[in-house]
Protein chains: 2
Amino acid sequence: MTEKGVRARIVEAADRLFYGHGIGRVGMDAVRDEAGASLKAIYREFSSKEDLVLAVLEHRHQLWTAGLESAMVGLTEPRERLLAVYDYLASWFDEADFRGCGFINAFAELGADSPRIAAAVRDHKASFQRYVDAQVVEIGAAPSLGPQLAILAEGAQTSAAIAGAPDAAMSARAAAEVLIDAAMAGQADRG
Amino acid sequence: MTEKGVRARIVEAADRLFYGHGIGRVGMDAVRDEAGASLKAIYREFSSKEDLVLAVLEHRHQLWTAGLESAMVGLTEPRERLLAVYDYLASWFDEADFRGCGFINAFAELGADSPRIAAAVRDHKASFQRYVDAQVVEIGAAPSLGPQLAILAEGAQTSAAIAGAPDAAMSARAAAEVLIDAAMAGQADRG
DNA sequence: CCCGGCGGAGAACGTTCGTTCTCGGTGATG
DNA sequence: CATCACCGAGAACGAACGTTCTCCGCCGGG
């Protein structure tokens, strides 16, 4: 347990620093100070900084997935579950230290030269896409709606980060409502 | 002219390298080699790497704006002009060296600690938003449509970059059509 | 009490980077 | 021809980084 505790402390400290300042601008010394661990302990858990970055991304993926699921407890209708995505985004954007999607940021910084990090980011986004697609199937809309709703979520994240405008989540939500209703009307027409 | 030529060569070389590998991973020595200039010449034109980055962003902004305008020559109807945005994105995504939006990438890498770069990125996105808003006004749709269309464009860029799927532009275009038509129908209802 | 290994603090090392300096050459001006 | 400002090539410098090593204190087993 103490070993796991150390590892978790390191990952969470690195996550805070990487997310807040960018990966390249945070040295291992800063991670050591923030985690209250030793460099030796860090390198015992992770064989390189890239490995630590991958662990941080995995950790963020767990947080994101758990947050998404908790945002839709009690929502049974797929339409509501789809729209809850944007409510979840809205609450995220309102956090004081919001600085965009950590996966997009990591990809922008390291994706070109680190295939492993690029793959981790792709996996995360694909997982989200699968979730959206599943709800789209459940409401019986055309599959083309799935990518459209995911694009809205992606765009809301970068718009909110760059413009500092958390209301991008509500814009995306309103757009999603129109798209969902249009897609379901289209399905109703032919079935 | 020769002075301008040197400056332009430096900016274009830096742009290629920064965009292809990320700003932090490209040193001034690499810029010197790619531009065929001397370090002294670079620092005569730009007092620091940050200044060079700002010049590169300004250059990219000009390219983007010019490309957008050329994508809609001959299109007179605002609806067509709005949709041409996504056609322009599609042709961009198909370029071999497409690696996402250089502004988003720069913001992800340096926005947290460099206010000047953050401001340059914000200005670029605000300029695009103004263009979209102007077309939205012209077709007489509710102003809330503007941010929604911009979010679609943002999301298409990151989706295409991360998933390596250029068809995100066509997904966004299809969604934009639905949103525009719904917004205009709504306006028609009440006037 | 003694000993051996483990862990932490931090120095050290090699590299890379942003920036500046040195040096030798070149071309215009008198 | 002499002078002088300017230029490019590249060395140099100080800082920061990722990673490893050294040293010392601590703790359990004899």
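Each chain gets a letter, A, B and so on, in the order its sequence line appears, and its residues count up from 1.
- In this structure, the OH atom of Y43(B) is 16 Å from the P atom of dA9(D), given to the nearest Å.
- The salt bridge (charged side-chain N to carboxylate O under 4.0 Å, His left out) contacts involving residues 158-171 of chain A comprise nothing, where partners must be two or more places apart or lie in separate chains.
- For R32(B) and dT19(C), the CZ to C1' distance is 13 Å, given to the nearest whole Å.
- When rounded to the nearest whole Å, the span between NZ of K49(B) and P of dA15(D) equals 19 Å.
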Filtered N/O pairs between nucleotides 4-8 of chain C and protein, under 3.5 Å:
residue: dG8(C); atom: OP2; partner: S38(A); partner atom: OG; Å: 3.4
residue: dG8(C); atom: OP2; partner: R44(A); partner atom: NH2; Å: 3.2
residue: dG8(C); atom: O6; partner: K40(A); partner atom: NZ; Å: 2.8

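- Helical stems involving DNA chain C, defined as 3 or more consecutive Watson-Crick or G-U pairs under 3.5 Å, span C:1-30 with D:1-30.
- Straight-line distance from the CD atom of E45(B) to the P atom of dT19(C): 15 Å, rounded to whole Å.
- Using a 4.0 Å cut-off between charged side-chain N and carboxylate O, R32(B) and D29(B) make a salt bridge.
- Residues in residues 11-26 of chain A take part in these salt bridge (charged side-chain N to carboxylate O under 4.0 Å, His left out) pairs, two or more places apart or across chains: D15(A)-R60(A), R16(A)-E34(A), R25(A)-D113(B).
- Look at CG on D33(B): it is 10 Å from P on dG10(D), rounded to the nearest Å.
- Residues from residues 12-29 of chain B lying near DNA chain C, meaning a heavy-atom separation below 4.0 Å, are V26(B), G27(B), M28(B) in numerical order.
- Under the salt bridge (charged side-chain N to carboxylate O under 4.0 Å, His left out) criterion, the residue pairs touching residues 82-102 of chain B are D87(B)-R173(B), with sequence neighbours excluded.
- Judged as a side-chain hydrogen bond (donor to acceptor under 3.5 Å, both in side chains), and not counting sequence neighbours, H59(B) has no contacts.
- A search for side-chain hydrogen bond (donor to acceptor under 3.5 Å, both in side chains) contacts involving Q135(B) returns R81(B), not counting sequence neighbours.
- K125(A) pairs by the salt bridge (Lys or Arg N to Asp or Glu O under 4.0 Å) definition with E154(A), not counting sequence neighbours.
- Scanning for salt bridge (Lys or Arg N to Asp or Glu O under 4.0 Å) contacts around E138(B) gives an empty result, with sequence neighbours left out.
- The distance from atom CD1 of I10(B) to atom P of dG18(C) is 15 Å, rounded to the nearest whole Å.
- For the side-chain hydrogen bond (donor to acceptor under 3.5 Å, both in side chains) test, no residue two or more places apart in sequence or in another chain qualifies with S70(A).
- Remark: P of dG18(D) and CG of L110(A) are 11 Å apart, rounded to the nearest angstrom.
- K49(A) places a side-chain N or O within 3.5 Å of a backbone atom of I23(A) that can act as its donor or acceptor partner.
- Annotation: side-chain hydrogen bond (donor to acceptor under 3.5 Å, both in side chains) contacts of E58(A) (sequence neighbours excluded): Q62(A).
- With the nearest nucleotide of DNA chain C identified for both L39(B) and L39(A), L39(A) has the one nearer the 5' end.
- As a whole-Å value, the separation of F46(A) CZ from dT19(D) P is 13 Å.
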